[in-house]
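Counting from 1, the numbers follow the sequence of the chain as shown. Both ligands and their constituent atoms are indexed starting at 1 by order of listing. All values below come from the heavy atoms of this structure, side chains included, with hydrogens, waters and symmetry mates left out.
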Amino acid sequence: MENKIQIVVGTSNPHKVEEFNEIAQNSNIEFIPLDCKNFEPDENGKTFEENAEIKAKEACRVSNFGKYFLADDSGLCVDFLNGAPGIHSARYEKTPERRINKLLSEMKNSDKRSAHFVCALCLVDENGKVLHIEKGKVYGEIIEETRGNGGFGYDPIFLIKNLNKTMAELTRHEKNTLSHRGQALKHMIEWMSNSLN
Ligand code: ITT
């Protein structure tokens, strides 16, 4: 069997690596979590792309092995809140439940419910040089109560309108097909398969 190209993923969110490997299933790419306790990137960028680059470079700096390093910066942008929580999605409140409750209370009585998820991916080489960046988006609506147990983060309140399901009610395969991360990673894997060895 052909050897897969191994990519170290700079993240402390295990859900991301799981989704990456599900999406990469039929490719020649394999994602490996960063095996390092001191991964503490200073996410002080102004955009998802800048923060993805900061994380990928930090993964490269602290990892003891690996040739390629990938990082994901993602978040939920709500139109009624002028794009918040955006790049601050993970830090909006302490736990996923509290983040959802805060968002729902800030949107109370608003009938403008449109929102989108964004995912920026950055790949660097072993010298920390940026090789490729991809971005994906998915549009939906914030509903007033949580629905579904799948996915993670804000998935239970993010409705995909044409399916009438939240991201947490989708199968893993359905989420990966249409999600911001799924779209960005599909293009990243295509690029990797054609450009890396
Ligand atoms: P790393 O920085 O270590 O990768 P993180 O979870 O802190 O992990 P981000 O800074 O990119 O990652 O923040 C992403 C947050 O945006 C995440 O914690 C969720 O709250 C939200 N988010 C991103 N993708 C999501 C998805 O597919 N479904 C639901 N929420 C998502």
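- Side-chain polar atoms of Asn51 and Glu43 form no donor-acceptor pair below 3.5 angstrom.
- Here the rule is salt bridge (charged side-chain N to carboxylate O under 4.0 Å, His left out) with Glu141, and of Arg113, Lys165, Lys161, Lys112 only Lys161 fits it.
- For the pair Lys137 and Phe117, the cation-pi criterion (under 6.0 Å, within 45° of the ring axis) is not fulfilled.
- A side-chain donor from one of Arg181 and Ser74 sits under 3.5 Å from a side-chain acceptor of the other.
- Through direct or indirect side-chain contacts shorter than 4.5 Å among Ile, Leu, Val, Met, Phe, Trp and Tyr, Val118 is connected to Phe48, Ile87.
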Stepwise side-chain contact (heavy atoms from CB on, under 4.5 Å) test for Leu163 and Leu170
CA-CA 9 Å; Leu163 299 177; Leu170 301 179; 3.8 Å; yes

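- At a 4.0 Å heavy-atom cut-off, the residues surrounding ligand 1 are Thr11, Ser12, Asn13, Lys16, Glu43, Lys55, Asp72, Asp73, Ser74, Gly75, Ser89, Ala90, Phe117, Phe152, Gly153, Tyr154, Asp155, Lys175, His180, Arg181, listed by chain and number.
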